[in-house]
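Data block below; observations after.
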Protein chains: 2
Amino acid sequence: MFRFASGCVVNDRTDDSDGGLEPPARADRRVRADARRNLDTLLQTALSVFASSGVDAPVREIAERAGVGIGTVYRHFPQRSDLIAAVFRREIDACADAASVLSAGHKPFDALANWMQRYAAFVAAKRGLAKALHSGDPAFDSLPGYFDQRLRPALRTLLKTATDAGEIRADVDADELLGAVASLCMSAHNAGSGRAERMVALLIDGLRHGAKSS
Amino acid sequence: MFRFASGCVVNDRTDDSDGGLEPPARADRRVRADARRNLDTLLQTALSVFASSGVDAPVREIAERAGVGIGTVYRHFPQRSDLIAAVFRREIDACADAASVLSAGHKPFDALANWMQRYAAFVAAKRGLAKALHSGDPAFDSLPGYFDQRLRPALRTLLKTATDAGEIRADVDADELLGAVASLCMSAHNAGSGRAERMVALLIDGLRHGAKSS
DNA sequence: ACCTGAACACCGTTCAAGT
DNA sequence: ACCTGAACACCGTTCAAGT
């Protein structure tokens with residue numbers, strides 16, 4: 001919906017809550033729904049192509065697989081890095097949204113533990129994008145901020161709920177935990193056979209059983 | 001005192017245990033002791049210079065601070081990367097040797113916990129060398145192997161002792177633990193104010209209190 | 001205004017000379 | 001044997017002189 005100076009489509013989430021003012025388009029619900037769905041399948045296709053063929057996969061291939069013209073892709077994402085950033089952002093959203101779902105369906109500690117593994121899987125899957133993110137391309141500039149903005153509150157809420165229920169220690173904050181899990185899951189050191197998951201599980205156990213004071 | 005094909009002095013630890021054959025020099029204990037001490041202070045100086053000024057610190061400066069001629073440095077370490085490798089190796093040795101000392105002076109779990117923090121500090125301090133190690137310089141080729149060869153048995157022994165004493169869970173192996181702590185301490189994500197140490201502490205708590213089966 | 005290259009400072013490395 | 005440091009080759013950078 002919003003185009004920044006860079007020309008990149010930044011926000012594909014409904015954002016009707018910011019004050020009462022509304023951008024021009026209003027009546028065409030049908031078209032907007034279609035466009036939304038188009039963009040959705042495009043991003044989903046891009047995600048799977050990136051996952052299987054790497055971030056250097058040709059945009060043309062993504063367009064073909066998504067069943068849209070390449071022009072459509074470039075109309076939404078003027079630079080290939082904009083597409084990558086959008087995919088990343090979408091994944092961040094999915095991970096953040098999972099928090100409330102898990103929170104509703106599980107007891108506090110289980111929700112926390114499940115979410116951390118969910119987050120770990122997200123980071124591990126994005127390991128291929130790591131070098132792209134550090135390329136200095138301005139399309140990625142806002143990603144770290146978005147990462148924090150979405151994921152930190154999500155984890156903070158989970159932590160607070162579990163803390164209030166007395167199920168975990170109270171002296172660890174969301175920020176360092178996000179960083180720790182990210183380190184564990186991005187490192188090449190522990191690639192094989194669920195090593196990272198097991199180490200994250202160890203962290204979680206420490207969270208539950210660790211001493212209140214160190 | 002072995003010279004490899006590369007010309008680099010590889011071993012500064014007494015290695016009298018490999019069979020019965022002995023290199024030429026034999027009687028001059030006095031001279032060898034002096035040379036050894038020289039080399040020792042040289043390596044120690046290099047360590048502190050690298051720590052304060054970075055790995056790109058000029059060899060000349062190291063020689064001056066160590067109080068030896070620059071020629072002496074180059075006789076021991078034909079390439080500057082050989083000096084870096086030697087410093088690294090020496091630090092690995094120190095860390096590995098700390099295991100038995102801690103083991104002798106503490107109860108099994110405490111020895112393990114202390115050593116892991118010791119190891120964490122070692123990794124964190126060597127974060128500056130990380131990019132040098134990945135430079136592809138053949139002088140560093142043997143370091144990963146040496147790392148495993150020295151550190152893995154050290155941690156394995158600590159783990160086994162603590163496991164046998166029933167103080168920790170039995171389903172975590174030395175290899176993945178070394179990797180996990182390394183990831184935590186090398187990552188830039190958690191730099192400030194003992195974040196890494198606290199996350200390592202969390203791992204240790206998970207080690208002690210985690211479920212026997214996952 | 002723009003280009004040039006000798007000059008400078010600094011680096012890693014060598015090696016003849018000293019002990 | 002071991003150590004030393006002047007000397008060498010090489011680099012990035014500067015800046016007065018030339019156009």
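Values below: all heavy atoms of this structure, side chains included; hydrogens, waters and symmetry mates excluded. The chains referred to below are lettered A, B, ... by the order of the sequence lines, with proteins before strands, and numbering in each begins at 1. Note that the structure is a prediction, hence the values are computed from the model and not measured.
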Could you check whether Arg65(B) pairs with Glu61(B) (Lys NZ or Arg NE/NH1/NH2 to Asp/Glu carboxylate O, under 4.0 Å)?
yes

Check this for me: does any side-chain nitrogen of one of Asp93(B) and Arg89(B) sit under 4.0 Å from a carboxylate oxygen of the other?
no

Check the distance between [N]'s [atom2] and [X]'s [atom1] and give it to me in whole angstrom.
X	N	atom1	atom2	result
Arg60(B)	dT13(C)	CZ	P	11 Å
Tyr74(B)	dG5(D)	OH	C1'	13 Å
Asn38(B)	dC2(D)	CG	C1'	9 Å
Phe77(B)	dT14(C)	CZ	P	15 Å
His76(B)	dT13(C)	NE2	P	16 Å
Asp56(B)	dC11(C)	CG	C1'	11 Å
Ile62(B)	dT13(C)	CD1	P	12 Å
Ile70(B)	dG12(C)	CD1	P	7 Å

dA9(C) - base-pair partner by Watson-Crick or wobble geometry, distances under 3.5 Å
none

Using Watson-Crick or G-U wobble geometry with both distances under 3.5 Å, which nucleotide pairs with dA16(D)?
dT4(C)

Say you draw a straight line from CZ of Arg80(A) to CG of Asp56(A); how long is it, rounded to the nearest 0.5 Å?
6.0 Å

Check whether any side-chain nitrogen or oxygen of Gln79(B) sits under 4.0 Å from OP1 or OP2 of dT13(C), and answer yes or no.
yes

[N] and [M]: how far apart are their [atom1] atoms, nearest whole angstrom?
N	M	atom1	answer
dC10(D)	dT14(D)	P	23 Å
dC8(D)	dG12(D)	P	22 Å
dT19(D)	dC15(D)	C1'	16 Å

5'-most by nearest nucleotide on DNA chain C - Thr72(B) or Pro58(B):
Pro58(B)

Can you say whether the rings of Trp115(B) and Tyr119(B) are parallel (under 30°), tilted (30 to 60°) or perpendicular (over 60°)?
parallel

Could you give me the CA-CA distance, side-chain angles and deciding distance for Arg208(B) and Asp205(A), then say whether salt bridge (Lys or Arg N to Asp or Glu O under 4.0 Å) is met?
CA-CA 9 Å; Arg208(B) 172 160 51 173; Asp205(A) 283 335; over 6 Å; no

Taking the side chain of Val68(B) as its heavy atoms from C-beta onward, which of dT4(D), dG5(D), dG12(C) lies nearest to it?
dT4(D)

